[in-house]
Amino acid sequence: MLTDANEFLKTIKAAAAEGVEAKKPVNVFFGEVQQINPLKINVEQKLPLGEAQLVLTRNVTDFDIMVTMNWETEDALEKGHSHKVEGLDSGGDSIGLTTGESSLKHSHVLSGQKQITIRNSLEIGDEVVLIRQQEGQKYFVMDRIGGRR
């Protein structure tokens with residue numbers, strides 16, 4: 001009788017596992033970008049996904065964003081600067097003029113709100129992390145693996 005109970009329990013567990021898998025709950029996958037336009041990602045070397053199946057997050061797209069900055073550039077032209085003019089004047093006499101040396105050392109302040117573009121778009125060969133939507137219709141491309149930028 002105990003053997004029958006164990007078999008019954010195993011059958012129930014197997015049926016429950018099959019039911020969960022049949023609904024295709026969220027799963028994490030790894031893929032590689034094969035093509036850019038149109039986008040094609042090969043998931044785990046066996047499942048090619050096209051644009052219609054992919055949802056791209058901000059982590060894998062270019063986007064503009066406003067930032068507040070208060071920066072100062074490094075000094076430019078730190079060494080002295082002069083000009084030398086050599087040649088002949090209209091009478092054929094030699095000319096040799098040199099301006100006095102002056103420092104053009106300066107920097108620039110960048111402050112306030114500025115719009116910048118974040119370049120995150122995918123490139124061929126990028127390895128990415130994908131999450132499959134429940135029911136398996138869409139794959140969210142969450143991020144690239146490693147750092148190419």
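Values reported hereafter were calculated over all heavy atoms of this structure, with side chains retained and with hydrogens, waters and symmetry mates removed. Remember, it's a predicted structure, so these values are computed and weren't measured experimentally.
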**Student:** If every non-hydrogen atom of Thr57 is compared with every non-hydrogen atom of Met142, which pair is closest and at what distance?
**Tutor:**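 Taking Thr57 first and Met142 second, the nearest heavy atoms are OG1-O, 3.0 Å.
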**Student:** Can you measure from NZ (Lys114) to CE (Met66) and round to the nearest 0.5 angstrom?
**Tutor:**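 Result: 8.5 Å between the selected atoms.
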**Student:** Going by the rule side chain to side chain contact (heavy atoms under 4.5 Å, CB included), which residues pair with Leu56 if we only count those two or more places apart in sequence or in a different chain?
**Tutor:**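 Testing Leu56 for side chain to side chain contact (heavy atoms under 4.5 Å, CB included), a comparison that skips the adjacent residues, returns Leu39, Val60, Thr61, Leu122, Val141.
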**Student:** What I'd like to find out is whether the side chain of Leu130 reaches to under 4.5 Å of the side chain of Val28, using heavy atoms alone.
**Tutor:**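 The answer is no, as the side chains (C-beta and beyond) never meet within the 4.5 Å cut-off.
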**Student:** Using modelled atom types and a 3.5 Å cut-off, is there a donor and acceptor pairing between side-chain atoms of Asn42 and backbone atoms of Glu32?
**Tutor:**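 Answer holds: no.
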**Student:** As an exercise, state the distance from OG of Ser90 to CD1 of Ile95, rounded to the nearest 0.5 Å.
**Tutor:**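 These two atoms lie 8.0 Å from each other.
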**Student:** Between Lys138 and Ile131, is there a donor-acceptor pair closer than 3.5 Å when you use the side chain of the first and the backbone of the second?
**Tutor:**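 Flag not set: sc Lys138 to bb Ile131 has no pair under 3.5 Å.
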**Student:** For residues Asp62 and Arg119, report the shortest heavy-atom separation together with the two atoms involved.
**Tutor:**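 Heavy atoms of Asp62 and Arg119 come nearest at OD1-CA, 3.2 Å.
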**Student:** Side-chain contact test, heavy atoms from C-beta onward, threshold under 4.5 Å: evaluate it for Val128 versus Ile145 and give yes or no.
**Tutor:**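 Val128 vs Ile145: side chains apart.
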**Student:** So for atom CD, which belongs to Glu74, do other residues, nucleotides or ligands contribute more than 12 heavy atoms lying within a distance under 6.0 Å?
**Tutor:**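 No, the 6.0 Å shell around CD holds no more than 12 heavy atoms from other groups.
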**Student:** Testing the basics here: between Ile36 and Glu51, what is the closest heavy-atom pair and its distance to 0.1 Å?
**Tutor:**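 Heavy atoms of Ile36 and Glu51 come nearest at O-OE2, 4.3 Å.
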**Student:** Strictly distance-based, threshold 3.5 Å: is any side-chain N or O of Arg132 a donor or acceptor partner for the main-chain N or O of Phe140?
**Tutor:**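 Not a single qualifying donor-acceptor pair exists.
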**Student:** Is the shortest heavy-atom distance from the side chain of Gln35 to the side chain of Val33 under 4.5 Å?
**Tutor:**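 Contact flag for Gln35/Val33 side chains = no.
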**Student:** What I'd like to find out is whether the side chain of Gln133 reaches to under 4.5 Å of the side chain of Tyr139, using heavy atoms alone.
**Tutor:**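 Sidechains of Tyr139 and Gln133: no contact.
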**Student:** Who pairs with Ile118 by side chain to side chain contact (heavy atoms under 4.5 Å, CB included), at least two apart in sequence or on another chain?
**Tutor:**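 Expected list: Phe63, Ile65, Ile116, Asn120.
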**Student:** Does either side chain, that of Asn70 or that of Ser111, offer a donor lying less than 3.5 Å from an acceptor on the other one?
**Tutor:**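 Result is no, nothing qualifies.
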**Student:** Look at the side chain of Thr73 and the backbone N and O of His108, then say whether any donor-acceptor pair between them is shorter than 3.5 Å.
**Tutor:**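 Confirmed, Thr73 side chain pairs with His108 backbone.
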**Student:** Roughly how far, to the nearest 0.5 Å, is the CZ atom of Phe29 from the CG atom of Leu49?
**Tutor:**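 If I round to the nearest 0.5 Å, the distance is 9.0 Å.
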